[in-house]
Amino acid sequence: MNSASDAFDEHAASDEAVEQAPARYGGVLAILFAAFALFHIYTSFMGPFEPLVQRGLFIGGAMGLAFWSMAAKAEGRAKTAILLVLTACAFYIGLHAMIHNRSFMDIMHDLTSLDKAVAILAILLLLVSTQRILGWALPVLTSIALLYYFWGNLAISGLWQPPRVSQETALSMLYASTSGMFGFMADIGTGVIAIYVIFGALIMATGAGEVFVQLANRVAGRGRGGAGKVTVVTSALFGTVSGSAVANVMAVGSVTIPTMRRAGYAKAFAAGVEASASAGGQILPPIMGAGAFLMAELLNIPYIQVAKTAALPAFLYFVLIFVGVDLYARKHKLPSPALSRPPMQMDKAVPLAGSVLLLIGLLAGNYTPTYAGGVATLALAALTIVCRLGWAYAGSGSGAAVQAWHEACRCLAQGLVSGGKGLIMIAVLLGCAGMLTSILGASGLGVKASGELIAVAGGSLGIALVMTAILCVLLGMDVPTTASYILTASVAAPVLAKFGLPPLTAHLFIFYFAILSAITPPVCASVYAAATIARESFWKVARNAMIVAGGVYFLPFMMVYRPALLLHGSLFDIVYATIMTMAALVCFASATVGYFMAPLRVWMRLVLVCIAGLFFMPTTASDLGACVLLAGFAALMKAWVRRRAAIPEPRAAMPEISKENRNA
């Protein structure tokens with residue numbers, strides 16, 4: 001889940017200060033980033049410090065490093081000096097909470113003037129750092145919530161009027177307590193998510209990218225349009241360790257999009273495939289996006305339960321995109337080139353496979369996600385060193401082993417630095433989201449919004465689901481998936497629970513649409529990143545992403561109405577639901593791409609959409625009717641294709657030969 005360490009973040013910092021190597025203080029910042037990562041590896045084994053100490057260092061340290069990185073890239077002495085002052089203030093904000101953690105935890109403690117000043121400064125700096133790293137959406141929403149919380153009772157009357165709150169109570173809740181910016185969200189970030197950000201960064205730094213590409217070539221490189229299928233598999237494998245749609249596009253797309261272009265795919269379609277496949281990486285176990293860890297903590301269930309429940313829908317997500325790519329290749333008669341298969345780099349593949357399998361085993365053994373992630377991280381580092389030394393010594397002797405030692409240490413150090421950078425985005429995101437969700441609870445705004453949503457739905461689960469999906473996509477504009485999930489879950493999850501939906505199903509429904517907001521126009525960050533690489537129109541790429549992944553928008557509804565997709569029910573129920581859903585997705589993909597045994601006309605596409613709609617209705621009668629119609633449509637298409645093949649193609653008219661050519 002290394003979301004911010006790549007060159008192009010979810011919503012890149014305006015100066016790209018956090019992501020790029022700084023022009024000044026480079027060595028010092030690299031050491032601090034690595035130390036920030038090592039601190040979280042240490043606490044994954046030894047346990048966290050006292051709440052405000054651990055969370056104060058997490059939030060304050062991240063903000064300080066963010067401002068220092070901005071200062072390193074700033075132009076002009078005045079701007080650099082201001083950013084360095086803000087750096088010192090950000091570090092002190094965390095230090096102040098750490099020093100006074102005992103007194104802040106005392107409910108009888110009154111805030112001093114210094115405490116209040118530091119609290120106000122903390123709120124402002126957190127909003128500024130979030131805006132610089134994530135864009136305007138989340139800070140603006142949080143600012144509106146702050147105005148509503150502090151002064152809403154003076155300007156608003158009636159149902160939406162918030163309770164009167166004193167300045168000391170508000171500042172204590174937002175800063176000087178284990179709520180607000182140092183609340184539950186920060187606790188999950190520093191206790192669970194951080195170790196997986198570091199683990200993902202180390203995996204990428206030790207050469208997992210090459211292993212993923214080689215593995216994808218072996219799995220999907222053969223057959224028509226193999227380059228596009230390799231893109232889908234590679235993006236899925238990358239996504240499960242990066243957890244960021246945009247980071248995935250920028251890491252993989254620079255290779256896969258040009259490869260698809262050389263294989264005959266249109267630029268817009270290649271970029272659309274990359275964007276949609278990269279977004280799905282966040283729902284692919286074993287290492288999903290940060291929202292999945294938040295989900296497990298919010299629902300107080302083991303993370304492995306979330307991963308198992310999400311596995312089948314994630315598989316169906318990539319089946320849809322894979323089928324769409326295959327149909328496009330058949331429609332446009334793309335060749336099946338023989339892809340080169342270089343030998344697998346075992347010194348990189350063994351550490352990757354060993355650490356991931358160990359992680360899965362520990363999670364399945366009911367170890368905490370934090371401990372499992374820490375053990376997997378150390379195992380990755382140890383296996384990387386041992387394998388590289390062993391293979392180098394066996395191949396070329398001690399001289400090569402020394403060189404391999406230096407190379408392994410360099411990769412691990414680079415991974416620690418990237419992991420420390422990745423924590424910055426996670427920390428400011430969770431700190432700002434923590435303030436927002438705390439205000440929603442303290443002011444009663446979340447409960448009131450949920451009540452209004454229930455009233456509008458009018459007792460219909462279907463309407464409530466559609467409204468939740470729209471809300472999630474709207475809130476997901478210009479914010480990362482995790483923020484979209486947190487904001488929507490705080491309002492919509494209680495509403496869906498009122499309709500009798502199981503909590504995990506409700507949260508997975510919200511999480512899927514938070515992910516889909518990354519490819520939904522008009523603001524879709526992963527599509528923009530892919531369009532930038534392909535040098536193609538944003539709207540063309542967005543259109544093709546919707547073509548190849550359009551059926552995925554129905555998948556969360558299928559999860560609700562066919563609970564067997566979430567492994568609820570017997571083996572027969574699960575297999576039956578999977579087959580029906582796959583049939584629906586194939587029909588929808590054929591209709592959007594325009595190919596089913598042959599290129600389709602408009603009326604044929606409409607027929608397939610209707611058949612897919614019947615499959616989406618979870619009743620035995622509709623399933624039977626859809627199967628009969630699909631079989632009839634397939635027979636009709638087969639006969640039509642045979643009839644067209646039997647008709648001889650008209651000969652091309654011979655060009656008239658000029659007198660000069662005849663003489664020649």
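We count residues from 1, following the sequence as given.
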For residues 498-505, dump all side-chain donor-acceptor pairs below 3.5 Å to protein atoms at least two apart in sequence or in another chain.
none

Let me check something: any side-chain donor-acceptor pairs from residues 535-547 under 3.5 Å, sequence neighbours excluded? List them with distances.
residue: Ser537; atom: OG; partner: Trp539; partner atom: N; Å: 3.3
residue: Asn544; atom: ND2; partner: Lys540; partner atom: O; Å: 2.8

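For the pair Leu487 and Leu138, the minimum side-chain heavy-atom distance is below 4.5 Å.
Within the structure, no pair that satisfies the salt bridge (Lys or Arg N to Asp or Glu O under 4.0 Å) test touches residues 446-473, not counting sequence neighbours. Within the structure, the side chain to side chain donor-acceptor pair (under 3.5 Å) test picks out the following pairs touching residues 566-577 (sequence neighbours left out): Ser570-Asp573, Tyr576-Asp623. Applying the ring pair (Phe, Tyr, Trp, His ring centres under 6.0 Å) test to pairs two or more places apart or on separate chains, those with a residue in residues 296-316 are Phe293-Tyr303. Under the side chain to side chain donor-acceptor pair (under 3.5 Å) criterion, the residue pairs touching residues 610-619 are Thr619-Ser622, with sequence neighbours excluded. A salt bridge (Lys or Arg N to Asp or Glu O under 4.0 Å) check over residues 291-301, counting only residues at least two apart or in different chains, returns nothing.
The aromatic rings of Tyr485 and Phe511 sit perpendicular to each other, their planes meeting at more than 60°, with 30° as the lower class boundary.
Taking Leu600 as the reference, Phe596, Met604, Arg605, Leu608, Phe633, Met637 meet the side chain to side chain contact (heavy atoms under 4.5 Å, CB included) condition, with sequence neighbours excluded. For Phe58, the ring-ring contact (aromatic ring centres under 6.0 Å, His included) partners two or more places apart in sequence, or in a different chain, are His40. Under the rule for a ring-ring contact (aromatic ring centres under 6.0 Å, His included), Phe199 has no partner lying at least two apart in sequence or in another chain. Every ring-ring contact (aromatic ring centres under 6.0 Å, His included) that Phe616 has, sequence neighbours left out, goes to Phe554. Shown here are the side chain to side chain contact (heavy atoms under 4.5 Å, CB included) partners of Cys627, two or more places apart in sequence or in another chain: Met580, Phe615.
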